[in-house]
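Have a look at the structure below before the remarks.
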Amino acid sequence: MTPLAVADPGGLIQSVDWVAIAPPLIAALAALAVLVADLFLPEARKRLLGWLSAAGLLAALAMLLPLVLGDTRSTFCFKSGGCSYTADHFALAFQLLALGGALLTVLLSLHTVEDEKLPGGEYWFLLLSSACGAALLPAARDLATLVIALEVATLPAFALVALRRDGRGAESALKFFLSSVTATAVMLLGVSFVYAAAGTIQLQGIADGLAHAPGQLKPLAEAGAVLTLVGFAFKTAAVPFHFWVPDTYVGAPLPVAGYLSVVGKAAGLSGLALVTTVAFRPYGHTWGLVLAVLAALTMTVGNAAALRQRADTPYGAVRLLAWSSVGQAGYLLVPLAAAGYADSADPLGATVAYALIYGLVNLGAFGVVALVGGTGRLESFRGLASRNRWAAFALAFFLLCLAGLPPGVVGLFGKVVVFRAAVDAGLGWLAVVMAVNVVIALAYYLKWTALLFAPSTSADVAVPRVPASLTAALGLAASGAVVLSVAPQLVLQVVSGSLF
């Protein structure tokens with residue numbers, strides 16, 4: 001008898017924790033269901049695919065409940081220790097953001113798919129596939145799963161941007177694609193360097209390997225860490241890897257632009273948090289300084305560019321939100337930098353809390369821009385309160401939340417939490433830069449808010465009848481922001497607990 005190559009082949013077989021992997025798995029199954037249903041549904045009933053997508057994301061969100069109420073669960077584990085998938089508090093918070101953001105995007109997209117005559121089957125399949133990758137990424141605990149999940153979240157996004165057939169979509173998708181592919185190539189080179197230095201791809205194993213790596217491998221490990229960070233910095237739209245953002249958002253369908261600004265950013269941010277605070281923990285002070293500088297540059301460049309947007313520029317509203325999202329990315333990076341200086345993952349709670357707040361109100365702002373439509377000029381919003389008071393009040397509330405002003409109390413609390421994380425870590429200079437940028441951002445947020453209630457002119461664009469799905473999306477976003485402003489502890493309690 002031929003001897004087996006493995007001494008204990010039965011030991012390689014393990015049970016899969018289906019409950020732990022249910023959220024991304026359900027999103028993936030929903031994507032396949034939409035793709036198959038698209039083959040059989042007549043053209044007149046293609047709209048049902050959007051509601052099927054919403055149902056799939058609702059089911060995925062529902063599967064977060066048993067995970068939140070129970071203990072941390074892991075699966076796809078190795079006999080030597082460590083697992084490839086872990087559903088802890090960090091993963092569940094970002095999965096809530098990814099799947100919830102995708103659900104709001106579906107509601108925002110239902111009328112857009114019809115109005116712009118986008119291919120429904122392809123659109124919903126790509127959106128659900130990207131959401132699956134974004135939900136898988138924060139639970140990944142090895143570099144291979146991390147990279148695969150990041151690409152699953154990103155690759156469908158290229159096609160989503162290109163689905164617009166007016167010329168701008170293809171150009172925007174090409175810029176997005178070329179920039180992303182370059183960043184991914186750099187990141188993969190860094191991953192190979194890290195693997196060579198640490199001898200493993202498990203995040204916790206990398207930390208142990210780098211801490212005890214021979215001195216001659218230290219330059220290789222440091223180079224690998226820097227190159228890996230570059231790839232994730234691109235996904236979060238951190239300066240100087242932000243140049244694709246404005247053109248991509250303008251060329252994409254508006255719900256897709258909102259999706260990229262929230263779910264796409266959340267995916268990159270969760271990956272960046274994992275590789276820094278878990279895998280590269282021995283180099284905390286080094287990447288902490290790098291992220292602090294990136295945070296300062298990102299918030300300054302983003303807010304300065306948003307401040308320069310003119311009211312009569314075509315697509316000015318989308319460009320302002322694009323540059324605003326770059327500035328907000330800078331705030332999100334502050335607690336990550338603080339985690340490097342604090343030599344602890346505790347400051348990450350501020351990033352998670354702020355990301356949840358930002359995602360809710362930013363998608364709501366994109367929803368109102370989609371409602372107004374037209375050429376997207378800021379001037380188109382002049383006197384919106386006299387034409388659609390509820391849309392004007394909703395957008396004003398979203399903008400005040402982003403600015404951190406009452407009655408958008410939840411935005412104020414979010415900024416205070418991020419500010420405190422920087423101060424507690426001894427990053428006083430970064431806290432000062434953040435305070436200056438918050439003041440700069442007030443100018444363009446308040447200017448846009450004032451336009452909503454300015455006297456109307458004959459040149460104003462009439463607001464069409466609001467579709468039911470768009471009303472539902474705006475209602476959910478506004479209600480969520482109001483509830484969190486009244487009871488901010490619902491999301492801010494993330495800061496006080498342990499994420500890992």
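For this chain, numbers begin at 1 and follow the sequence in order. This structure is a prediction, so every number in the text was calculated from the model and none was measured.
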Using only atom types and a distance under 3.5 Å, with no angle test, would you say the side chain of S172 pairs donor to acceptor with the backbone of A252?
no
Between the CZ atom in R141 and the SG atom in C77, the distance rounded to the nearest 0.5 Å is 11.5 Å
Pairs in or reaching into residues 326-336: which pass side chain to side chain donor-acceptor pair (under 3.5 Å), with residues at least two apart or in two chains?
N303-Y331, Q328-Y354, Q328-Y445
Let me confirm one number: the OG1-CG distance from T105 to L363, rounded to the nearest 0.5 Å.
5.0 Å
List for me each residue that meets ring-ring contact (aromatic ring centres under 6.0 Å, His included) alongside F94, sequence neighbours excluded, and say none if there are none.
F90
Distance-only check: which donor-acceptor pairs under 3.5 Å involve side-chain atoms of residues 51-58, not counting sequence neighbours?
{"from": "S53", "atom 1": "OG", "to": "L49", "atom 2": "O", "distance (Å)": "2.9"}

Are any non-hydrogen side-chain atoms of L107 and L470 less than 4.5 angstrom apart?
no
Mind checking whether L143 and Y195 have side chains closer than 4.5 Å, heavy atoms only?
no
Please examine the side chains of T236 and H242, heavy atoms only from C-beta on, and report whether any two atoms are closer than 4.5 Å.
no
Can you tell me if CZ on F413 sees more than 12 non-hydrogen neighbours from other groups inside 6.0 Å?
no
V275: which of V194, I206, L146 passes side chain to side chain contact (heavy atoms under 4.5 Å, CB included)
L146
Could you grab the distance from atom CG of L97 to atom CG of L360, nearest 0.5 Å is fine?
9.5 Å
Ignoring hydrogens and angles, state whether a donor on the side chain of S74 or T86 is under 3.5 Å from an acceptor on the partner side chain.
yes
Any side-chain donor near an acceptor of the partner, T72 and D88, under 3.5 Å
no
Could you give the side-chain donor-acceptor pairs of residues 126-140 under 3.5 Å, partners two or more places apart or in another chain?
{"from": "S129", "atom 1": "OG", "to": "F125", "atom 2": "O", "distance (Å)": "2.8"}
{"from": "S130", "atom 1": "OG", "to": "A153", "atom 2": "O", "distance (Å)": "2.6"}
{"from": "S130", "atom 1": "OG", "to": "Y259", "atom 2": "OH", "distance (Å)": "2.8"}

Walk me through it: do W323 and Y249 pass the test side-chain contact (heavy atoms from CB on, under 4.5 Å)?
CA-CA 10 Å; W323 286 114; Y249 285 16; over 6 Å; no
Closest contact, heavy atoms only, A292 versus L430:
O-CD1, 3.7 Å
Ignoring hydrogens and geometry, is there a side-chain-to-backbone donor-acceptor pair from Y85 to A20 under 3.5 Å?
yes
Straight-line distance of I357 CD1 to K415 NZ, nearest 0.5 Å:
9.0 Å
For the residue pair R281 and L210, establish whether any side-chain heavy-atom pair is separated by less than 4.5 Å.
no
Taking side chain as C-beta onward, heavy atoms only, is T145 less than 4.5 Å from Q202?
no
Could you work out, with ring-ring contact (aromatic ring centres under 6.0 Å, His included) as the rule, every residue matching Y341, not counting sequence neighbours?
H285
May I ask you to test the Q95-M63 pair for a side-chain heavy-atom distance under 4.5 Å?
no
Tell me if a side-chain donor or acceptor on T228 pairs with a main-chain N or O of G224 at a distance below 3.5 Å.
yes
So, taking the atom named CG in L348 and the one named CG in L274, what distance separates them when rounded to the nearest 0.5 Å?
8.5 Å
For A221 versus A197, what's the shortest heavy-atom pair and its separation?
CB-CB, 3.7 Å
Just checking, any donor-acceptor pair under 3.5 angstrom between side chains of S109 and Y123?
yes
Test your reading of the model: is there a side-chain donor-acceptor pair from T248 to the backbone of V245, 3.5 Å cut-off?
no
Check: E151 main-chain N/O paired with T154 side-chain donor or acceptor under 3.5 Å:
no
Taking the side chain as everything from C-beta on, heavy atoms only, tell me whether V226 gets closer than 4.5 Å to E222.
no
Checking W244 against F176 for the ring pair (Phe, Tyr, Trp, His ring centres under 6.0 Å) test, could you report, in this order, the C-alpha distance in whole Å, the side-chain angles of both residues, the deciding distance, and whether it holds?
CA-CA 6 Å; W244 58 276; F176 186 19; 4.8 Å; yes
Check whether any side-chain heavy atom of F243 sits under 4.5 Å from a side-chain heavy atom of S179, and report yes or no.
yes
To check you understand the geometry: which heavy-atom pair defines the closest contact between R164 and G251, and what is its length?
CD-O, 3.3 Å
Closest heavy-atom contact between A350 and V417?
CB-CG1, 3.4 Å
Worked verdict on L291 versus L272 for side-chain contact (heavy atoms from CB on, under 4.5 Å):
CA-CA 10 Å; L291 291 182; L272 185 63; 4.2 Å; yes
Looking at S270 and A267, would you say the former's side chain and the latter's main chain have a donor-acceptor pair under 3.5 Å?
yes
Show your working on side-chain contact (heavy atoms from CB on, under 4.5 Å) between L294 and V290 and close with a plain yes or no.
CA-CA 6 Å; L294 282 179; V290 171; 4.3 Å; yes
Apply the test side-chain contact (heavy atoms from CB on, under 4.5 Å) to residues T184 and K235: give CA-CA distance (whole Å), side-chain angles for both, the deciding distance (0.1 Å), then the verdict.
CA-CA 9 Å; T184 300; K235 307 299 183 182; 3.8 Å; yes
State whether the side chain of T300 and the backbone N or O of L297 hold a donor-acceptor pair below 3.5 Å, judged by distance alone.
no
Flag yes if more than 12 heavy atoms outside F177 fall under 6.0 Å of its CZ atom; otherwise flag no.
no
Given 3.5 Å as the limit, does a donor-acceptor pair link the side chain of W287 with the main chain of G340, or not?
no
Hey, does the side chain of T298 reach the backbone of V239 with a donor-acceptor pair shorter than 3.5 angstrom?
yes
Of all pairs that satisfy salt bridge (Lys or Arg N to Asp or Glu O under 4.0 Å), the ones with a partner from residues 17-39, not counting sequence neighbours
D17-R73, D38-K46
Please report the closest heavy-atom contact between G330 and M299, naming both atoms and the distance.
O-CE, 3.6 Å
Minimum heavy-atom distance V326-A237, with the two atoms named
CG1-O, 3.9 Å
